[in-house]
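Below is one structure; the comments refer to it alone.
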Amino acid sequence: MLYTKSAAELSAMLKKGECSSVELTKSVFDRIAETESKVDAYVTLCEESAMAKAAEVDAKRARGEELSPLAGIPIAVKDNICTKGVLTTCSSKMLYNFKPPYDATVVEKLNKCDFVMPGKVNMDEFAMGSSCENSAIKPTHNPRDLSRVPGGSSGGSAAAVVSGEAIMALGSDTGGSIRQPASYCGLVGLKPTYGSVSRYGLIAFASSLDQIGPMTRTVEDAAMLYSAICGGDERDATSAMRDYPDFVAELGKGVKGLRIGIPKEYFGPGVTEEVKNSVMAAVEALKAEGAIVKEISLPSTDAALNAYYIISSAEAASNLARFDGVKYGYRAENIEGLIDLYEKSRSEGFGDEVKRRIMLGTFVLSSGFSDAYYKRAKVLQMRIRQEFEDAFADCDVIATPTSPFTAFKLGENVDDPLKMYAADICTITVNIASLPAISIPCGNGVDGMPIGLQLIGPRFSESTLFNVADHYEKLAGGFNKLPEIG
Amino acid sequence: MKIDINHIAKLARLKMDEQQAEKFASQMEGIIEMVANLPEIEGVATGLDTSNPMRLREDVAVPSSAKRSEILENAPQVEAGCVVVPRIVE
């Protein structure tokens, strides 16, 4: 089955002529036909254009053209990333009919690599959520256990990749939205350093925290996809202008002498014993390979969650003010005047979670409260950044759980926003501090669901993260294992 | 802390009936109680990344790849190449 292979394996096969992109794309769509009714990963399928693109890539290859390693590989795209002429809904009623007139920079870059886009994948509405249950379109199911959530907000991306309905996917991460679903589905997910991937064409949730990143079945695939999407962009003022290596070529350096920091605050009472044990077992395995393990402290971790919800909601309230029913997206009917048009369109177009975040953001920025909430949160953010900087004087990477527990059942937490928010504790600090972090599988819980190990590095240390993650993957005997879907 | 949910909703240009307002008010109070727990620390947040400063663009128009017609295709109501909105001046 072609869809079961990694992108790196498929890339080599395509190059040697052992399979064609048409065959590969067909294999992915056959898999979609088989499993999508159970998984519900996609919100829009693009079979016709994908097959046409695959044929075009095969023709280019037949002419002997020099092609990118990603040429002809099916990569699903999260539905908050703009794709010219293809529905981009953010899984919201607000954008139910939105066809962007332009491509996001990451899509433009992947187009230059001749990627094949099988379709757009489901997410929590406007990326607000950790289970994909906040999608206004449908919930997505975890392919490893259909009664459980795939995580979120990039739940569709994760479910598509682990079911074989795509070879790789793009997700976006504001507080854990790539890493947590990667952890819940047993995948590799990288949240890159803030500024290393252009946000142009990513529909904004919290602009100072959002980053697009790869979700894949192997570390090498993540390095391959990240190499293709990173880089400076004139159209994103927060984009870092610097040179990046080929991250695949940087792999294989081993972990001898690597200093791994273990922050005790990430192993608190909210984290289940099985998660702690699996993460520490992975750290021990790296230690046996020559890594040095040290205990460190990041004292502001607990309060970070509060700062995160204040800052991200404040930015969301501003960013989502643009959805007013005037120029694009949903417009309510039977309106009386312009204000009524705004209020009705927004009230009917947004789901409850989005409304909660908009109202929280509006509250923390409102007159009389912004000093007590927003300004204090921003000061705390500076302190958290400093704590990480100090910690990285003593270690090269920090190892933590990605999520305090494994994937929960659909519907289990849906009415308890506070419980859902608290579960983001291990991932949000990374966004607050603009750092890169990768989640990789490190065993399973008693429920058979995957556990994720998060490796955090200093800014622009993706090369180190990939190297350590890849080394662990080899020790663990490879990550690319697709489940039976039943 | 009690919050005035109707005032917040008005600022956010959201509308809700009484039952929804009650549910949101109680959820929002719980959320605000949680996030209010911030340590007392002194300092000024600059938020600037000095190693990768933001670049301001020159104030010159750059041609867009999107055509006017493509942009208007997304508008809920269009007449004579313009977006239609309710009357705002009596």
Side-chain angles (χ1 to χ4, degrees), chain A residues 97-99 101-102 194-195 208 234 237-238 240-242 300 303 305-307 309-310 317 321 324-331 335-344 346-347 350 352 355-356 358-360 362-364 366 372-373 375-383 417-418 421 434 459, chain B residues 1 3-5 7-17 20 23-25 27-28 30-47 49 51-57 62 64-78 83-88 90:
Chain A
N97 60 355
F98 178 57
K99 287 188 177 167
Y102 68 99
Y194 185 77
S208 78
E234 290 296 337
T238 60
M241 292 298 174
R242 54 189 288 139
S300 297
L305 189 74
N306 304 336
Y309 274 95
I310 291 171
D324 57 6
V326 173
K327 293 183 287 297
Y328 54 94
Y330 178 76
R331 179 183 283 194
I335 42 155
E336 294 160 24
L338 193 64
I339 301 293
D340 195 44
L341 168 77
Y342 297 155
E343 291 185 344
K344 271 199 189 134
R346 289 167 64 78
S347 301
F350 291 135
D352 281 359
K355 288 178 188 169
R356 276 193 286 271
I358 290 175
M359 286 195 285
L360 176 59
T362 305
F363 172 77
V364 299
S366 66
Y373 292 91
K375 283 193 183 157
R376 278 170 71 200
K378 290 298 280 185
V379 173
L380 181 60
Q381 177 176 29
M382 304 289 284
R383 173 172 287 191
L418 277 179
Y421 294 177
S434 309
R459 288 165 56 77
Chain B
M1 185 171 80
I3 63 157
D4 183 351
I5 195 79
H7 175 64
I8 300 296
K10 192 172 157 235
L11 291 175
R13 295 267 189 247
L14 291 168
K15 245 182 187 165
M16 56 189 72
D17 61 30
Q20 283 175 311
K23 187 182 94 180
F24 277 123
Q27 287 176 337
M28 294 297 299
I31 293 168
I32 288 164
E33 197 178 320
M34 175 187 99
V35 302
N37 182 19
L38 293 172
E40 288 293 344
I41 40 176
E42 292 297 314
V44 181
T46 60
D49 172 8
S51 54
N52 291 285
M54 273 210 250
R55 293 153 293 101
L56 299 180
R57 63 171 173 77
V62 285
S64 163
S65 64
K67 292 189 201 76
R68 181 192 181 92
S69 58
E70 288 171 338
I71 291 168
L72 285 175
E73 263 170 44
N74 278 299
Q77 203 185 343
V78 176
V83 175
V84 179
V85 291
R87 178 191 291 271
I88 51 169
E90 290 302 329

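Computed from heavy atoms alone, side chains included, the values below leave out hydrogens, waters and symmetry copies.
Contacts of A:A372 with chain B are made by backbone atoms alone, with heavy-atom separations under 4.5 Å and no side-chain atom involved. With a 4.5 Å cut-off on non-hydrogen atoms, A:D324 does not touch chain B at all. Proximity to chain A (any heavy atom under 4.5 Å) is restricted, for B:I88, to the side chain, taken from C-beta onward. Contact annotation for B:M28: only side-chain heavy atoms (C-beta onward) come within less than 4.5 Å of a heavy atom of chain A. At a 4.5 Å heavy-atom cutoff, A:Y330 makes no contact with chain B through either its backbone or its side chain. Both the backbone and the side chain of A:E234 have a heavy atom closer than 4.5 Å to some heavy atom of chain B. Neither the backbone nor the side chain of B:L56 has a heavy atom closer than 4.5 Å to any heavy atom of chain A. Neither the backbone nor the side chain of B:K67 comes within less than 4.5 Å of any heavy atom in chain A.
Residues forming a ring pair (Phe, Tyr, Trp, His ring centres under 6.0 Å) with A:Y342 (at least two apart in sequence, or on another chain): none. Scanning for side chain to side chain contact (heavy atoms under 4.5 Å, CB included) contacts around A:S208 gives A:I311, A:E315, with sequence neighbours left out.
When each of A:S366, A:A303, A:A317, A:A237 is scored by its heavy-atom pairs under 4.5 Å with chain B, the top score falls to A:A237. The greatest number of non-hydrogen atom pairs below 4.5 Å with chain B, out of A:T238, A:V326, A:I358, A:L341, is found for A:V326.
Separating the CZ atom in B:R13 from the OG1 atom in A:T362 is a distance of 11.0 Å, to the nearest 0.5 Å.
For the pair A:L305/B:M34, a side-chain contact is recorded, criterion being any heavy-atom separation below 4.5 Å from C-beta on. Using a 4.5 Å heavy-atom cutoff, the side chains of A:K378 and A:Q381 are in contact.
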